[in-house]
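Report on the following structure.
Count residues from 1 along the sequence. Quick note: numbers below take in every heavy atom, side chains included, and nothing from hydrogens, waters or symmetry partners.
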Amino acid sequence: LNEHPYASRLAPITLNMWSSLVLGQTSALTTSQWQLLAATGTTHLLVISGLHVGLMALLVMHLVRLILMPLRITSAFGIRMCAWAGLVGALVFTLISGFGLPAQRAFIMLCGLMWGTLWGLQLSFTQRFVGAFCITLLLQPSSASSLGFWLSYTAVLALVLVWYRSQGNFWWHKIIKLIAAQGDLSILLAPVITLGTGSLSLVGPWLNIVLVPLFGVFIIPVMLVLSL
């Protein structure tokens, strides 16, 4: 990002935060910034996770879908093309971010969840979820002792429980589902965070109800596009 044409126009603190949000490059953050993130329970927003990798995959998939629309490729083959393009885009993103352990874990999880779509297999969410869980442990056995591993899979489970099991396709239904999913996320993650860190931010769940949908749906996707 330091070589981006607009990088010179940004203040150092803004550029550091931008790099943290987009690429997970948190080495330039100050101690006071880390303390603020820990106190508010928002540290996860600055770590390359399933959120970032999944968003990049979705972004690439939608771009490829737009390219294929004039060609009228809407068959299962077209869906698989979009899925493979999204997976490659996610891989490139994780490599650019430094391919650290959290990024590797997020990419492996994405591969497991997308396995059925990539190969045209009819797999239920339970099959994909368990498959991704087992593949991650197989390729990264040390993940079993990692708090990030349990947070990632608990977060996916919480989001899917609400998103795929509720009805309604109107825009307000989607907003309600986002809020409900974040409520589920806060409830399920609370004991995991408490056991892993020995503490729990009281304001974190309330802030994340607003910040996670805001960052996931708007801020991070926009920043990813502007960083290209």
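Using a 4.5 Å cut-off on side-chain heavy atoms (C-beta onward), C111 and I135 make no contact.
Judged by distance alone, with hydrogens and angles left aside, the side-chain atoms of W115 form no donor-acceptor pair with the main-chain N or O of R128 at under 3.5 Å. Side chain of W119 to backbone of M114: no donor-acceptor contact under 3.5 angstrom is found. Formation of a donor-acceptor pair under 3.5 Å by the Y153 side chain with backbone atoms of F129 is not found in this model.
Scored by the side chain to side chain donor-acceptor pair (under 3.5 Å) test, S143 finds Q140 as partners (sequence neighbours excluded). Under the side chain to side chain donor-acceptor pair (under 3.5 Å) criterion, S32 pairs with T30, not counting sequence neighbours.
Under a hydrophobic clustering in which Ile, Leu, Val, Met, Phe, Trp and Tyr are joined whenever their side-chain heavy atoms come within less than 4.5 Å, directly or via other members, F107 and M61 fall into the same cluster. Cluster membership for L55 and L63, using ILVMFWY side-chain heavy atoms within less than 4.5 angstrom, is shared. Clustering ILVMFWY residues whenever any of their side-chain heavy atoms sit less than 4.5 angstrom apart, transitively, puts V53 in the very cluster that holds L95. At a threshold of 4.5 Å between side-chain heavy atoms, the hydrophobic network of Ile, Leu, Val, Met, Phe, Trp and Tyr places W84 and I67 in two separate groups. Residues L157 and M109 share a hydrophobic cluster, clusters being chains of Ile/Leu/Val/Met/Phe/Trp/Tyr side chains in contact below 4.5 Å.
V64 and A85 make their closest contact through CG2-CB, 3.4 Å (heavy atoms, listed as atom of the first residue, atom of the second, distance). Across all non-hydrogen atoms, the minimal contact from L110 to A57 is CD2-CB, 3.8 Å. Residues T117 and A83 share a closest heavy-atom pair of CG2-CB, 3.7 Å. Taking all atoms of both residues into account, the shortest heavy-atom contact from L68 to C82 is CD1-SG, 4.1 Å.
Here F93 and F99 keep their ring centres 6.0 angstrom or further from each other.
One distance of note links CZ of F149 with CG of L137; it measures 4.0 Å at 0.5 Å rounding. Of the inter-residue distances, the one linking L113 atom CG with L87 atom CG reads 11.0 Å to the nearest 0.5 angstrom. Here S146 contributes atom OG and R105 contributes atom CZ; the two are 4.0 Å apart, rounded to the nearest 0.5 Å. Going from atom CG of L138 over to atom CD1 of I108 covers 9.0 Å, rounded to the nearest 0.5 Å.
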